[in-house]
Student: 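Sharing a structure here in structure tokens format.
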Amino acid sequence: MKIMRFVWTCLAMWLAASTLSFAQGQPAAGKQNVIESLVVSKAGGNTVLKIGLLNEVNATPSNFTIANPSRIVFDFPGTDNGLGHSNKSVNEGILRSYSLVQAGDRSRLVLNLAKNSRFEARNEGKLLFITLLDDANSDLGTAAAPQIQHFAQIGKDQESAVRNIQFRRNKEGAGVVLVDLSSSDTAIDVSQKGSKLFVGFKKTQLPESLRRRLDVVDFGTPVTAVNTKAEGDGITMEIVPTGLWEHTAYQTDNQFIVEVRPVKEDPNKLFQGTKRGYQGEAISLNFQNIPLRELLHVFADITNFNIVISDSVGGNVSLRLNDVPWDQALEIVLQQKNLAMRKSGSVIWIAPQDEFVARDKNEIEARNAAVAAEVPRMEVFQLEYQKAEDFAKLLEQSVQQTGSSTEKSQGGFLSSHGRVVIDRRSNQVFVYDVPTKLTMIGELRAKVDRAPKQVLIEARIVEADKTFSKTLGARLGVHDYRGAEVGHRILGNNSPRFAIGGSILDPGAHTGQVDTTPDFIRDAMSVNLPATSIGAATAQTGQFSLVLFNSAKTQFLNLELSALEADRNGKIISNPRVVTANQVEALIEQGTEIPYLQSSASGAANVAFKKAVLSLRVTPQITPEGRVLMKLIITKDAPSTVPIPGTIGTQIAIDTKKVETEVSVDNGGTVVIGGIYMQNSTNTVQRIPLLGDLPYVGFLFRQKSTNDESRELLVFITPKIVDETLTTLR
């Protein structure tokens, strides 16, 4: 009995050993091939991998490349690892090591390279040859390498210096580093390494006062510190940002500027920031009829994202892509299979588009059902700056007309059973609704119930008036007076007298005018210079009269010369100023109202008034950039000094000047509005018929007048945003 038990024990051990030996030499059930050997060698400067398999290879295995780190991956379906090891360091040519990992019914061969390289793969029976081409043009890592910006290069003997380093915060909340250089030809390199930004200034000196670390946390930008130090013959500036950010570097003359902007995370974008286009590392894919779910797992290995695949995703894919950004390759695959993705942190969820649409619809319905199930209550909102009726209208904008009934949208500010009541006296709004909607209304009130910004509008209205007039002429007269007193001597009152084209001078009469009944000539010469009147106050100016007489003193030659030149330059300046709230129209005017008769329907005449004023009407709007957009209407009306033709009485016309425009101006800037320009030139000639046309002496019988008048209206507008601290009282 003991002998039989010993025999059966030996037989069992022998069978177990035989089974183990057979298993090590044959593929398991369901397997078709086994990788038995892998040999690395050099051939013509290239690295060659010779892979031996148990059975013949019908086609080149599926493969893809990764740019950073540099890798080439081959997938062997239905193949076991028969090498006896999974990882091995090689250091042959550009091949550093390789890994052969078995996962399920396939084996993956990963080649770790020193740099990116092109490769060739061919199969010969049971052998697979992979050749890594180690040539100078095979470097594919340029796109994946850290991007370095190069600025102007300086000569060998040139050297620049940093004069000042400043840090500011712009309106968008970005950190701005400004470096003042002594030369615009300084060589500068900007590169990102990890989470830091480095700026290198080559052949540049750094003063001792600028070799310091700037702590800029209090500025509230993505930048926390700027550390500048000298290294060799150059300078290295280390910019330390936090969170999500992106940068821009540029140079203007002798100033170098680096802007580090904050980036708001978008859960549906694979890469954050404002940069457009595909930003993934370049990869190469070569798959024939591979299951879609396995291909998505390949993307998970490449991108280091966690990918969750819906159960409804299936099918096979065949593709061959060379040096394509991985985010573009993933988008191509998803579009081909009518799939969509949602990103949450480092997790990507992939499912059919219809599934996402149905899920979003169910979430909305569930959220509305949860809101409708809440118990409504009343809350009072006290408004400080906005009117209660305006706030109530804003809440009721969510009401939609559906047929003959009125229903409130669940997505608006009020639910289906929300109610709004206002109290104008206390400026309060009473809202009866569910807590979720009341919270939304409270957030809305905090946004809209704020002190409005105010704008000071200062205008300078200038009306330039330039008038030039010139008069030149001469008149010759011949007189014969008998019995007149000449030099206080009586010739006789009954003597005949006559006058031709002239006049008799008399201090009591207007200079240059004919006296039809003169008896005496008291002066032999009379002069009336500009701004001086002889005799009456209404006498003409700029006239000169000369009397010539013979020895008998009974015949006189009267010569009158007239000349006048006037040049007047005037400016009428008005300076209206007004303060108004943002988007609220303001009006300021000054002038007179002119009465006129207006007939009524009964036939009676009523007195009405027409304005002739200088007015400024402006509606300002403050833009998000801090500029002021203004709608301007400027008028300058004045009573006309020219009578209305064909009218009776004292009816007065109104001269109107009006400018209407819309302009955008910087805060505190000035805009000039013109365009109203009037010029009037007249030339007048007065002459005695026939005598004024005589040659040589005709000028003695004619008078020329020249009048040149020009007017221009200019308006200077300066808007200034009033500081809120000066208008808000808390």
Student: Locate the shortest heavy-atom distance separating Pro352 from Val313; write the atom from each residue and the value.
Tutor: CD-CG2, 4.1 Å
Student: Would you say the side-chain atoms of Arg169 pair up with the backbone N or O of Phe219, donor to acceptor, closer than 3.5 Å?
Tutor: yes
Student: Anything under 3.5 Å between a donor and an acceptor, one on a side chain of residues 205-215, the other on a protein residue two or more places apart or in another chain? List them.
Tutor:
unit_1, atom_1, unit_2, atom_2, d
Gln205, NE2, Glu159, OE1, 2.6
Glu208, OE2, Arg211, NH1, 3.2
Arg211, NE, Leu206, O, 3.0
Arg211, NH2, Leu206, O, 3.1
Arg212, NH1, Ser209, O, 2.6
Asp215, OD1, Val217, N, 3.4

Student: Is it the case that the side chain of Asp327 and the backbone of Glu331 share a donor-acceptor pair, with hydrogens and angles ignored and the cut-off at 3.5 Å?
Tutor: no
Student: Can you tell me how the ring of Trp349 sits relative to the ring of Phe356, calling it parallel under 30°, perpendicular over 60° and tilted otherwise?
Tutor: perpendicular
Student: Kindly compute the distance separating CD1 (Ile307) from CG (Leu330), expressed to the nearest 0.5 Å.
Tutor: 6.5 Å
Student: Is it the case that over 12 heavy atoms from other parts of the model lie below 6.0 angstrom from the NZ atom of Lys88?
Tutor: no
Student: Let me confirm one number: the CG-OG distance from Leu83 to Ser37, rounded to the nearest 0.5 Å.
Tutor: 7.5 Å
Student: State whether Lys229 and Glu231 are salt-bridged, where the test is any N-O pair (Lys NZ or Arg NE/NH1/NH2 against Asp/Glu carboxylate O) under 4.0 Å.
Tutor: yes
Student: Decide yes or no for Ser107 and Leu100: does some side-chain heavy atom of the first lie under 4.5 Å from some side-chain heavy atom of the second?
Tutor: yes
Student: Between Leu109 and Ile51, is there a side-chain heavy-atom distance shorter than 4.5 Å?
Tutor: yes
Student: I need the Asp218 CG to Thr224 OG1 distance, nearest 0.5 Å.
Tutor: 11.5 Å
Student: With the side chain counted from C-beta on, respond yes when Ile72 and Leu132 share a heavy-atom pair under 4.5 Å apart, and no when they do not.
Tutor: yes
Student: Hey, does the side chain of Ser284 reach the backbone of Asp323 with a donor-acceptor pair shorter than 3.5 angstrom?
Tutor: yes
Student: Between Gln336 and Leu319, is there a side-chain heavy-atom distance shorter than 4.5 Å?
Tutor: no
Student: What I want to find out is whether Glu443 reaches Lys447 closely enough, with some N-O distance under 4.0 Å, to be called a salt bridge.
Tutor: no
Student: Do Pro291 and Asn316 have side chains that approach each other closer than 4.5 Å (heavy atoms only, starting at C-beta)?
Tutor: yes
Student: Would you say Ser117's side chain and Leu133's backbone share a donor-acceptor pair under 3.5 angstrom?
Tutor: yes
Student: Any idea how Phe64 and Phe287 line up, ring-wise: parallel (<30°), tilted (30 to 60°), or perpendicular (>60°)?
Tutor: tilted
Student: Would you say that more than 12 heavy atoms from the other residues, nucleotides or ligands in this model lie under 6.0 Å from the CG of Asn575, or not?
Tutor: yes
Student: How close do Pro77 and Arg106 get, counting heavy atoms only, and between which atoms?
Tutor: CA-CB, 3.9 Å
Student: Has Asp449 got a side-chain atom pairing as donor or acceptor with Tyr385's backbone, closer than 3.5 angstrom?
Tutor: yes
Student: Whether Glu662 and Lys631 form a salt bridge (side-chain N of Lys/Arg under 4.0 Å from carboxylate O of Asp/Glu) is what I want to check.
Tutor: no
Student: Using a strict threshold of under 4.0 Å (side-chain N to carboxylate O), is an ion pair present between Asp75 and Arg108?
Tutor: yes
Student: Just wondering, more than 12 heavy atoms not from Lys337 lying within 6.0 Å of its NZ?
Tutor: yes
Student: Under 3.5 Å, is there a donor-acceptor pair between the side chain of Arg577 and the main chain of Leu456?
Tutor: no
Student: State the CH2-CD1 distance between Trp245 and Ile239, to the nearest 0.5 angstrom.
Tutor: 8.5 Å
Student: Minimum heavy-atom separation for Val324 to Ala329, with atom names?
Tutor: CG1-N, 4.1 Å
Student: Any side-chain heavy atom of Val618 within less than 4.5 Å of one from Val455?
Tutor: no
Student: Measure the shortest side-chain to side-chain distance between Leu95 and Leu111 over non-hydrogen atoms and say whether it is less than 4.5 angstrom.
Tutor: yes
Student: Examine distances only and state if a side-chain atom of Asn63 and a backbone atom of Pro61 form a donor-acceptor pair shorter than 3.5 Å.
Tutor: yes
Student: When you compare the side chain of Ile717 with that of Thr670, does any pair of heavy atoms fall below 4.5 Å?
Tutor: no
Student: Got a second to check how far Thr131's OG1 is from Phe119's CZ, nearest 0.5 Å?
Tutor: 10.5 Å
Student: Using modelled atom types and a 3.5 Å cut-off, is there a donor and acceptor pairing between side-chain atoms of Gln353 and backbone atoms of Asn338?
Tutor: no
Student: So Arg71 and Asp301, salt bridge (Lys or Arg N to Asp or Glu O under 4.0 Å) or not? Walk me through it.
Tutor: CA-CA 12 Å; Arg71 292 177 181 175; Asp301 296 336; over 6 Å; no
Student: Got a donor-acceptor contact below 3.5 angstrom from the Thr186 side chain to the Ser184 backbone?
Tutor: no
Student: If you measure only the distance, is there a donor-acceptor pair under 3.5 Å linking the side chains of Ser160 and Ser183?
Tutor: no
Student: Please assess Arg261 against Glu172 for the test salt bridge (Lys or Arg N to Asp or Glu O under 4.0 Å), listing each intermediate value before the final yes or no.
Tutor: CA-CA 8 Å; Arg261 300 180 297 274; Glu172 291 75 22; over 6 Å; no
Student: Do you see a donor-acceptor pair shorter than 3.5 Å between the side chains of Arg627 and Ser664?
Tutor: yes
Student: Is a side-chain N or O of Asn667 found less than 3.5 angstrom from the main chain of Ile721, in a donor-acceptor match?
Tutor: yes
Student: Any chance you could measure Asn170, atom CG, to Arg168, atom CZ, to the nearest 0.5 Å?
Tutor: 11.0 Å
Student: So, for Asn81 and His85, which heavy atoms are closest and what is the spacing to 0.1 Å?
Tutor: ND2-O, 3.1 Å
Student: Do you see a donor-acceptor pair shorter than 3.5 Å between the side chains of Ser97 and Ser89?
Tutor: no
Student: Nearest heavy-atom pair of Ala581 and Pro620: which atoms, and what distance?
Tutor: O-CG, 3.9 Å
